[in-house]
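Take a look at the structure set out below.
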Amino acid sequence: MRTVLFSKLVSKTDIERHLVIPDCPSGTLPSYDEGQSMDMHVLDNNGREWLFPCSILGNDLVGKFLNVGWIEFVRERDVRENDEVSIIHEEVDWKNQGAATTVLIKIEVRRKIRLFGKDIWADLK
């Protein structure tokens, strides 16, 4: 089973400083208190694991949000402003191999390109 937890167009701030994931009614953010931090282990679409340090922050303008340190990923994968980033929760059933269900957090980045006069979204590899 695959569920998109969060998706947004990447901003200049996301690229230069940190990815900001706002809290939303669907409960995207973990139930941590403001100021707490954690590490998010994610897999990209090439199967590479990344470690993103995260902290719960808040301000009057945005409210509570998750501050994600992903600059190494941005630089290595050439993520650009207006690319689309998605954080995905995926359950993988390994029962056929004798193991239980595993939960994976994946990151996908897509870029809009113009091809034959039409805009299409392509996965960054």
Nearest heavy-atom pair of I56 and M38: which atoms, and what distance?
-> CG1-CE, 4.0 Å
Closest approach of I71 and D14, non-hydrogen atoms and distance?
-> CD1-O, 4.2 Å
To the nearest 0.5 Å, what is the distance between CD1 (I113) and CH2 (W121)?
-> 10.5 Å
Check whether any side-chain heavy atom of V4 lies under 4.5 Å from a side-chain heavy atom of H89, and answer yes or no.
-> no
Do side-chain atoms of D44 reach the backbone of N46 as a donor and acceptor pair under 3.5 angstrom?
-> yes
Between NE2 on residue H41 and CD1 on residue I105, distance to nearest 0.5 Å | 11.0 Å
Stepwise side chain to side chain contact (heavy atoms under 4.5 Å, CB included) test for L124 and D78 = CA-CA 9 Å; L124 279 184; D78 190 31; 5.9 Å; no
For the residue pair F73 and V42, establish whether any side-chain heavy-atom pair is separated by less than 4.5 Å.
-> no
Could you state the interatomic distance from CG (D123) to CG (D83), rounded to the nearest 0.5 Å?
-> 11.0 Å
If you look at every heavy atom in R2 and I88, which pair is closest and at what distance?
-> NH2-CD1, 3.4 Å
Once you round to the nearest 0.5 Å, how far does CD1 of I87 lie from CG of L5?
-> 8.0 Å
Answer yes or no: does atom CZ of R17 have more than 12 heavy-atom neighbours from other residues, nucleotides or ligands under 6.0 Å?
-> no
Is there a side-chain contact between V79 and V10 (heavy atoms, below 4.5 Å)?
-> yes
Minimum side-chain heavy-atom gap L66-F6 below 4.5 Å = no
May I ask you to check whether S86 and S7 show a side-chain donor-acceptor distance below 3.5 Å?
-> yes
Do any N or O atoms from the side chain of K8 and from the backbone of V20 form a donor-acceptor pair under 3.5 angstrom?
-> yes
How far does NZ of K12 sit from CG of N82, to the nearest 0.5 angstrom?
-> 12.0 Å
Taking atom types as modelled and ignoring hydrogens, do the side chains of R77 and N45 form a donor-acceptor contact shorter than 3.5 angstrom?
-> yes
Non-hydrogen atoms of C54 and V68 that approach each other most closely = SG-CG2, 4.0 Å
Apply side chain to side chain contact (heavy atoms under 4.5 Å, CB included) to M1 and E90, showing your working.
-> CA-CA 6 Å; M1 187 163 120; E90 188 171 312; over 6 Å; no
Can you say whether the rings of F52 and W50 are parallel (under 30°), tilted (30 to 60°) or perpendicular (over 60°)?
-> tilted
Can E84 and R110 be counted as an ion pair, charged N to O under 4.0 angstrom?
-> yes
Rounded to the nearest 0.5 Å, the OG1 atom of T13 sits from the CD atom of E81 at a distance of 8.5 Å
Is there side-chain contact between L43 and R48, with at least one heavy-atom pair below 4.5 Å?
-> no
